[in-house]
Amino acid sequence: MLTLYNDLTRAKEAFEPLHANQVRMYVCGMTVYDLCHLGHARVMVVFDIVARYLRAMGYDVTYVRNITDIDDKIINRANERGEPFHVLTERFIAAMHEDAAALGVLPPDLEPRATDHLPEIISMIERLIERGHAYVAGNGDVYYDVRSFADYGRLSGKSIEDLQAGARVEPGDVKRDPLDFALWKSAKPDEPSWESPWGRGRPGWHIECSAMSTQALGDTFDIHGGGADLTFPHHENEIAQSEGATGHPFVRYWMHNGFVRINDEKMSKSLGNFFTVREILERYRPEEVRYFILTSQYRSPLNYGDEQLDNARGALTRFYTALRGLPTAEPASGTNFEQRFHAAMQDDFNTPEALAVLFELVREINRVRSDDAAGAAALGATLRTLGGLLGLLQDDAEDYLRGGGGADDALGDDDIQQLIDRRLAAKQARNWSEADAIRDQLKDAGIVLEDSAAGTTWRRG
RNA sequence: GGCCGAGUGGCAGAGUGGUCAUGCAGCGGAUUGCAAAUCCGUGGACAUCGGUUCGAUUCCGGUCUCGGCCUCCA
């Protein structure tokens with residue numbers, strides 16, 4: 001049984017989808033005006049794991065992750081660059097897809113874009129006006145009337161009164177209440193805009209997610225996810241919009257992942273302390289980054305640092321070293337590793353605990369491999385299968401270990417083999433100084449040798 | 001200021017009312033020509049002050065510290 005922490009109730013709950021065997025999940029994706037940073041990578045990897053695992057549990061999953069391709073930041077950035085906004089967004093959408101693929105993130109089933117859903121957005125706004133939850137301001141903007149929605153603040157644990165205290169009032173504001181938020185923004189000159197019953201304009205940020213999720217998944221669906229910074233106001237506003245428009249409960253389980261941090265501070269665009277996925281992938285392998293993200297439970301902070309990435313590198317080397325040389329086999333039966341792995345995953349996706357189980361599996365493989373090759377192979381198959389549920393450990397072990405972690409490739413595989421052969425000859429002649437000199441030479445080139453009864457193997461380390 | 005969340009061994013990071021996390025690093029041993037890899041063993045922790053309890057790192061309360069949201073942000 002899967003247990004999920006539901007932000008709506010602030011408690012772990014047994015997961016029961018609305019329709020047996022079907023899970024409908026919506027995750028807030030990126031606003032595409034720049035490259036993905038590690039925070040975006042975390043969202044993608046975390047919910048990739050959720051989707052993969054639910055599928056492994058046998059659910060028929062519909063996973064929707066949207067793209068916000070029109071908003072103020074996009075317009076500003078496009079103006080700065082002197083290019084049409086859709087040229088800008090297409091470029092960053094392509095970059096995001098590359099980053100996601102590199103990190104082993106499977107594509108969502110649907111990836112709707114705001115600009116493709118203007119009719120749905122407009123009709124939801126019309127319904128909100130009809131139902132008394134929204135009003136047209138004098139300047140053609142349409143606002144959500146926050147006070148018309150009794151439950152406003154439930155998800156984020158805020159009361160309208162508390163919010164009011166900190167609310168910012170813009171001079172000349174056309175809103176009835178400072179907390180009201182825009183559903184439709186009337187177009188300023190030279191801005192991208194669409195026709196609407198309220199004149200030309202564009203959607204507010206929050207309405208697109210309500211309109212697209214409802215269209216794709218129905219009035220009520222199972223899981224809605226995103227970064228913790230979206231809890232308020234974005235997700236709070238989505239609830240107000242969707243429930244205001246449909247009259248039905250919006251989402252059953254709300255999941256928010258914690259932030260990536262640097263030096264105990266949130267990594268964010270505004271603080272300027274972010275690393276893009278690309279920058280990190282120049283120095284670390286994709287699987288190392290993915291592993292690093294999973295070393296922390298998804299709701300906890302994830303502290304970024306070279307030390308942590310180096311640790312991920314070492315961990316994967318240990319995993320693949322255990323897998324190296326094991327023949328293909330059927331996964332072992334009758335061990336409790338699988339059961340413990342699943343117990344960890346089903347406890348709100350406790351990936352650190354699940355990884356701990358995999359390490360114990362590694363130790364067991366290493367322990368038995370010398371006198372129970374078949375047993376080791378079966379355990380290795382189990383390790384691969386379980387790792388696969390996390391999107392890890394799917395490479396050929398030998399290839400992985402020889403592929404190295406960014407070491408220079410001054411020496412080709414053939415050169416290395418030649419040196420190993422020369423060293424072997426020296427060893428047979430008991431010429432230890434010659435043998436060690438060759439080993440040192442390789443070590444300087446980033447090649448680590450490992451002698452065993454079966455011969456000498458090497459890896460880039 | 002309001003509302004959340006967190007403080008675990010050298011580092012990272014789970015978890016639990018009373019025996020073990022796990023990985024890296026350290027130490028001892030096995031193995032090795034020497035290494036590497038691997039295995040075995042091992043030291044070291046639960047911010048702080050009270051309370052509940054036979055017993056608390058784990059539950060409750062105070063204090064301190066840190067982070068987040070309250071404005072765009074994954």
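Nothing here was measured: the structure is a model prediction, and the numbers come from that model. Quick note on labels: first sequence line is chain A, next is B, and so on, each numbered from 1.
B:G18 and B:U31 are spaced 40 Å apart, taking the P atom of each and rounding to whole Å. Atom name P, nucleotides B:G5 and B:A12: the rounded distance is 23 Å, in whole Å. The gap from the C1' atom of B:A21 to that of B:U8 amounts to 12 Å, rounded to the nearest Å. Spacing of P atoms, B:C49 relative to B:C54, comes out at 23 Å, to the nearest Å. Using P as the reference atom, B:U22 and B:G15 are 15 Å apart when rounded to the nearest Å. For the P atoms, the distance linking B:U16 with B:A47 amounts to 16 Å, nearest Å. Taking atom P in both B:U57 and B:C46, the straight-line distance is 8 Å, to the nearest Å. When the P atom is compared between B:C11 and B:U63, the two are found 28 Å apart, to the nearest whole Å.
If you check every strand for non-hydrogen atoms under 4.0 Å, A:K269 touches nothing. Nucleic acid contact for A:E450: base, since at least one base atom lies under 4.0 Å from a heavy atom of the residue. Within the 4.0 angstrom heavy-atom criterion, base atoms lie near A:N257. Residue contacts shown for A:T321 are limited to sugar-phosphate atoms, with no base heavy atom under 4.0 Å away. Note on A:S268: a base of the nucleic acid sits closer than 4.0 angstrom, heavy atoms only. Among the heavy atoms of the strands lying under 4.0 Å from A:L449 is at least one base atom, whether or not backbone atoms are also near. Using a 4.0 Å heavy-atom distance criterion, A:G258 is classed as a base contact.
Shown here for A:P112 and A:R65, the closest heavy-atom pair between the two residues is CD-O, 3.8 Å.
Within a heavy-atom distance below 4.0 Å of RNA chain B, the residues of residues 37-47 of chain A found are A:H37, A:G39, A:H40, A:V43.
The residue among A:D229 and A:E307 whose nearest nucleotide of RNA chain B lies closer to the 5′ end is A:E307. Between A:H234 and A:R459, the one whose closest nucleotide on RNA chain B sits nearer the 5' end is A:R459.
For B:C3, the OP1/OP2 oxygens have no side-chain nitrogen or oxygen of A:S156 closer than 4.0 Å. In terms of phosphate contacts, A:S452 brings no side-chain nitrogen or oxygen within less than 4.0 Å of OP1 or OP2 of B:U38. Between A:N350 and the phosphate of B:G15, there is a side-chain N or O to OP1/OP2 separation shorter than 4.0 Å.
A donor and an acceptor atom sit less than 3.5 Å apart, one in the side chain of A:K266 and one in the base of B:C73. Below the 3.5 angstrom threshold, one finds a donor paired with an acceptor across the side chain of A:K158 and the base of B:C69.
Taking 4.0 Å as the cut-off between side-chain N and carboxylate O, A:K266 and A:D229 count as a salt-bridged pair. Electrostatic pairing of A:K185 and A:D72 counts as a salt bridge here, judged by a charged N lying under 4.0 Å from a carboxylate O. Salt bridge annotation for A:R113-A:E208: absent, with no cationic side-chain nitrogen under 4.0 angstrom from a carboxylate oxygen. One finds no salt bridge joining A:D222 and A:R24 here, because no Lys/Arg side-chain nitrogen approaches an Asp/Glu carboxylate oxygen to under 4.0 Å. In this structure, A:R439 does not pair ionically with A:E434, as no charged nitrogen and carboxylate oxygen lie closer than 4.0 Å.
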Chi angles and distances behind the side chain to side chain donor-acceptor pair (under 3.5 Å) call for A:E236, A:H206:
CA-CA 9 Å; A:E236 196 70 70; A:H206 314 295; over 6 Å; no

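The interatomic distance linking A:I293 (CD1) with B:G13 (P) rounds to 14 Å, in whole Å. Rounded to an integer number of Å, the gap from A:Q297 CD to B:U16 P is 12 Å. The distance between atom OH of A:Y152 and atom C1' of B:C3, rounded to the nearest whole Å, is 14 Å. B:C69 atom C1' lies 14 Å from atom NE2 of A:H235, rounded to whole Å. The CG atom of A:L323 sits 17 Å away from the P atom of B:A37 (whole-angstrom rounding). With rounding to whole Å, A:R261 atom CZ is found 18 Å from B:A74 atom P. Rounded to whole angstrom, the span from the CZ atom of A:R154 across to the P atom of B:C70 amounts to 21 Å. For the pair A:H256 NE2 and B:A6 P, the computed distance is 16 Å after rounding to whole Å.
Looking at A:D69, A:T68, A:T89 one by one, the single match for side-chain hydrogen bond (donor to acceptor under 3.5 Å, both in side chains) with A:T115 turns out to be A:D69.
Between the side chain of A:S296 and the backbone N or O of A:P301, at least one donor-acceptor pair lies under 3.5 Å. With hydrogens and angles disregarded, no donor-acceptor distance shorter than 3.5 Å links the side chain of A:R147 to the backbone of A:D180. Counting only distance, with no hydrogens or angles, the side chain of A:S242 and the backbone of A:I239 share no donor-acceptor pair below 3.5 Å. Using a distance-only test at 3.5 Å, with no hydrogens or angles considered, no donor-acceptor pair links the side chain of A:T214 to the main chain of A:A211. Remark: side-chain polar atoms of A:Q308 are paired, donor with acceptor, to backbone N or O of A:N303 under 3.5 angstrom.
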Every protein N/O within reach of nucleotides 31-33 of chain B N/O, cut-off under 3.5 Å:
| unit_1 | atom_1 | unit_2 | atom_2 | d |
| --- | --- | --- | --- | --- |
| B:G33 | N1 | A:D436 | OD1 | 2.9 |
| B:G33 | N2 | A:D436 | OD1 | 3.4 |
| B:G33 | N2 | A:D436 | OD2 | 2.6 |

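Between A:D7 and A:T231 there is no side-chain heavy-atom pair separated by less than 4.5 Å.
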Writing each nucleotide of RNA chain B 5' to 3' as (, ), [, ], | or . by Watson-Crick or G-U pairing under 3.5 Å yields (((((((..(((.....[...))).(((((.......)))))....(((((..]....))))))))))))....

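A cation-pi arrangement is absent between A:R285 and A:Y291, since the terminal nitrogen or guanidinium carbon is not both under 6.0 Å from the aromatic centre and inside a 45° cone about the axis.
Here A:R367 pairs with A:E364 under the side chain to side chain donor-acceptor pair (under 3.5 Å) rule; sequence neighbours left out.
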Throw together a table of side-chain donor-acceptor distances under 3.5 angstrom for residues 33-54 of chain A, partners on residues two or more places apart or in other chains.
| unit_1 | atom_1 | unit_2 | atom_2 | d |
| --- | --- | --- | --- | --- |
| A:D34 | OD2 | A:R77 | NH1 | 3.4 |
| A:H40 | ND1 | A:H37 | N | 3.0 |
| A:R42 | NH1 | A:G258 | O | 2.8 |
| A:R42 | NH1 | A:F259 | O | 3.2 |
| A:R42 | NH1 | A:S300 | O | 2.8 |
| A:R42 | NH2 | A:Q297 | O | 3.0 |
| A:R42 | NH2 | A:Y298 | O | 3.3 |
| A:R42 | NH2 | A:S300 | O | 2.7 |
| A:D48 | OD1 | A:L106 | N | 3.0 |
| A:D48 | OD2 | A:R52 | NE | 2.8 |
| A:D48 | OD2 | A:R290 | NH1 | 3.2 |
| A:D48 | OD2 | A:R290 | NH2 | 2.8 |
| A:R52 | NH2 | A:G104 | O | 2.7 |
| A:Y53 | OH | A:H342 | ND1 | 2.6 |
| A:Y53 | OH | A:Q346 | NE2 | 3.1 |

Reading nucleotides 21-30 of chain B from 5' to 3' and marking B where a protein heavy atom lies under 4.0 Å of the base, S where only the sugar-phosphate is that close, and - otherwise, the string is BSSS------

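The side chain of A:D264 lies closest to B:G67 when the candidates are B:G67, B:C70, B:C39.
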